[in-house]
Amino acid sequence: MAKIHTTAKKHFILVGNWKMNPDTLEDAKKLFSALSRKAQKTTKVSVVIAPPYPFIGPLSGKSDVISIAAQDVSNEPRGAFTGGVSARQAKAVGATSTIIGHSERRKAGDTDEVIAQKTFEALDAGLRVILCVGEKERDQHAHYLRAIRDQILIVFSKIDKKKASWITIAYEPVWAIGKSYDTAPKPSDIHEMSIYIKKVISEVLGQKPGLKFQVLYGGSVNFENAQAILSDGAVDGLLVGRQSLDPDAFGNMIEYANNL
Ligand code: 13P
């Protein structure tokens with residue numbers, strides 16, 4: 001008998017940002033293989049881990065279910081920039097994507113212009129980009145929406161629009177990063193922001209690609225709030241900090257997203 005209808009299941013992206021952890025390559029390898037075992041059974045979740053630079057090479061190719069992201073790349077292609085790592089170098093050692101515009105990099109001095117240039121360089125090198133945007137605080141008059149809009153539009157004004165689909169936006173409100181897990185916004189607020197972000201992108205790319213654009217949420221996500229955010233937040237996935245260093249917690253998120 002022919003199927004009457006099928007329910008298309010959503011494909012989620014779960015990104016773990018290890019930030020400046022762990023201390024040793026040995027610990028990084030252990031953590032990565034534990035996460036890889038957890039990700040093994042997934043059929044419809046893309047799992048991405050962003051380790052510190054020195055661990056990218058040693059971890060890349062070690063899992064057929066986890067891809068590797070850099071946590072940042074230079075806004076310059078090459079040259080006399082001591083301490084810098086270019087998008088091409090990150091790609092050469094195995095990264096397939098990079099986070100750009102994380103609030104911890106913005107705090108360290110990355111302006112919107114620098115972030116736009118970094119995005120250009122990453123796309124030019126053939127990396128996918130997880131572009132972080134987020135307001136420092138929420139105000140009664142919703143001026144924070146303007147801040148998000150500006151952060152997005154400046155990047156889209158600098159890139160080749162044909163490469164826009166290589167970008168995923170991660171909405172990370174600065175006030176909810178690294179805090180207690182009940183600080184994360186309610187799924188309804190995340191839902192609203194996701195729609196707003198898609199609307200802003202629709203202005204640049206047109207409605208169809210804008211509405212299809214992938215939006216992640218990040219900021220004090222644990223397994224408990226992840227379930228509500230994945231179910232009701234209208235997002236395509238999560239960008240997880242601390243809890244991506246815990247294979248059980250991150251593994252539970254992967255399993256939950258896989259079964260949604
Ligand atoms: P936490 O999940 O530790 O709050 O970090 C969020 C983050 O900054 C991910 O990029």
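One-based numbering, in listed order, for ligands and for the atoms of each. What's counted below: heavy atoms across the whole structure, side chains too, no hydrogens, waters or symmetry copies. Since the model is a prediction, treat every value here as computed from it, not as a measurement.
Counting protein heavy atoms only, atom 2 (O) of ligand 1 is closest to Gly241 N, 3.0 Å. Among all protein heavy atoms, the one lying closest to atom 7 (C) of ligand 1 is Glu172 OE2, 3.2 Å.
Taking OG1 of Thr24 as the start and CZ of Phe55 as the end, the distance is 6.5 Å to the nearest 0.5 Å. Atom-to-atom distance recorded for Ile13:CD1 and Leu238:CG is 10.0 Å, nearest 0.5 angstrom. Atoms CD1 and NZ, from Ile201 and Lys212 in turn, are 13.0 Å apart once rounded to the nearest 0.5 Å. Residue Glu104 holds its CD atom at 9.5 Å from CD1 of Ile99, rounded to the nearest 0.5 Å.
Using a 4.5 Å heavy-atom cutoff, the side chains of Lys163 and Asp124 are in contact. Looking at Gln243 and Phe250, their side chains never come closer than 4.5 Å, going by heavy atoms from C-beta outward.
An N or O contact shorter than 3.5 Å is missing between Glu104 and ligand 1 by distance. Below 3.5 Å of separation, one finds no N or O of Gly219 facing any N or O of ligand 1. Among the atoms of Lys179, none of the N or O lies under 3.5 angstrom from an N or O of ligand 1.
The contact set between ligand 1 and His102, taken as ligand atoms under 4.0 Å from a residue heavy atom, comprises 7 (C), 8 (O), 9 (C), 10 (O). Using a 4.0 Å cut-off to heavy atoms of Arg242, the atoms of ligand 1 that qualify are 1 (P), 2 (O), 3 (O), 4 (O).
Residue contacts with ligand 1, taken as heavy atom pairs separated by less than 4.0 Å, involve Asn17 solely via side-chain atoms from C-beta onward.
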